[in-house]
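The figures here come from the full heavy-atom set of this structure, side chains too, leaving out hydrogens, waters and symmetry mates.
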Amino acid sequence: MKDYVNQLIKNGNYNDILAILKGSRNGAVYGAKIRFPHALVMTVLFRRTNLKDMARTILKATYQHARNLATFVPIYKALLLGLKKLKGKEDNLDSFVAGVIGGYLVFGTDNPVNNQIVLYLFSRISVGLARLLVKRNVIPAPSYSFPLFSAITWGIVMWLFRHDRDVLQGSLQSSMQYLYNDSDIFSDFDTLLLRNQ
C-alpha cells in the first residue's frame, strides 16, 4: 500500500486529490491539537462535575473541532479545485466563494465550538481587513490604532454587560459576572479575600 501511494505521489497526476486528502488529515490533527488543551483547561477550571463527565466534555469538544476542520479543509480545497477546472484558472473571489460554502456547511450550526471558532476568526479578520486598508493606501496608518481599538472594545463590552448582558455570549457573561459582580459580595475576611460566597 505504501509503495503504491509513493508511486501516485511521484507520478504527480493525482496531487490535487492527494492534497485534499492531506488537508483533511491536517484539519483533524490541528483541530485536536488546538482544542484538547483548551477543553482540558476550561473543563478543569470551570466545570464542577465528576471525572467521567469532564472527560466526556473534553473529548466531545476535541472531536467536534477536529471533525469540523477535517471536513472544512477538503470541502474548501475541492471547491477551489472544481472552480479552477471549470474556468481554467483561479479567480480572485474563488477562495471567498469556497470559504462561504464550506463555512456554511461545516460551521453553520450554532454550538459552543463553532461559536468560538467563528468569533476567533471574526476578530482576526477585522484586524486583517483594517491592515489591508492601510496596505492598499485606502486609509493612512493610524499612529494610535491599537490603544483606540482596545479602548472602544472595552467600553462597548462593559456597557453591554452593565445594561444588556443577555446579548453577550454565555461564557463571557460568566467571566464578567465573576470579575465585576461577584467581587461586590462579601461578609467577612474569608469572603473578601479567600473565596466567593
- Message: Give me each pair satisfying ring-ring contact (aromatic ring centres under 6.0 Å, His included) with a member in residues 169-197, each pair once, sequence neighbours excluded.
- Response: none
- Do Asn68 and Thr71 have side-chain N/O donor and acceptor atoms under 3.5 Å apart? no
What are the two closest non-hydrogen atoms of [X] and [Y], and how far apart are they?
{"X": "Phe72", "Y": "Gly103", "answer": "CE1-N, 3.3 Å"}
{"X": "Leu8", "Y": "Asn15", "answer": "O-OD1, 4.2 Å"}
{"X": "Ala32", "Y": "Ala66", "answer": "N-CB, 3.8 Å"}
{"X": "Lys77", "Y": "Ala19", "answer": "CE-O, 3.2 Å"}

- Query: Quick one: hydrophobic cluster around Met1, which other residues, with the 4.5 Å side-chain cut-off, linked directly or via members?
  - Reply: none
- Query: Using a side-chain heavy atom cutoff under 4.5 Å and only I, L, V, M, F, W and Y, what cluster partners does Val138 have?
  - Reply: Leu133, Val134, Ile139
- Within a reach of under 6.0 Å around CZ of Arg165, are more than 12 heavy atoms found that belong to other residues, nucleotides or ligands? yes
- Quick one: sort the Phe146 and Phe149 rings into parallel, tilted or perpendicular, breaks at 30° and 60°. tilted
- Query: So Gln116 and His65, side chain to side chain donor-acceptor pair (under 3.5 Å) or not? Walk me through it.
  - Reply: CA-CA 10 Å; Gln116 186 180 38; His65 198 142; 6.0 Å; no
- Quick one: do Leu18 and Ile9 satisfy side-chain contact (heavy atoms from CB on, under 4.5 Å)? Show the steps, please. CA-CA 8 Å; Leu18 294 173; Ile9 293 168; 3.8 Å; yes
- Asp190: partners by side chain to side chain donor-acceptor pair (under 3.5 Å), with sequence neighbours left out: none
- Residues passing the salt bridge (charged side-chain N to carboxylate O under 4.0 Å, His left out) test with Arg47, sequence neighbours excluded, are Asp53
- Would you mind checking if Lys87 and Asp94 are paired as a salt bridge, meaning a charged N to carboxylate O distance below 4.0 Å? yes
- Message: Using the side-chain contact (heavy atoms from CB on, under 4.5 Å) definition, which of the options Leu172, Val167, Asn181 pairs with Phe161?
- Response: Asn181
- Taking only residues two or more places apart in sequence or in another chain, which ones pass side-chain contact (heavy atoms from CB on, under 4.5 Å) with Val97? Leu83, Ile101
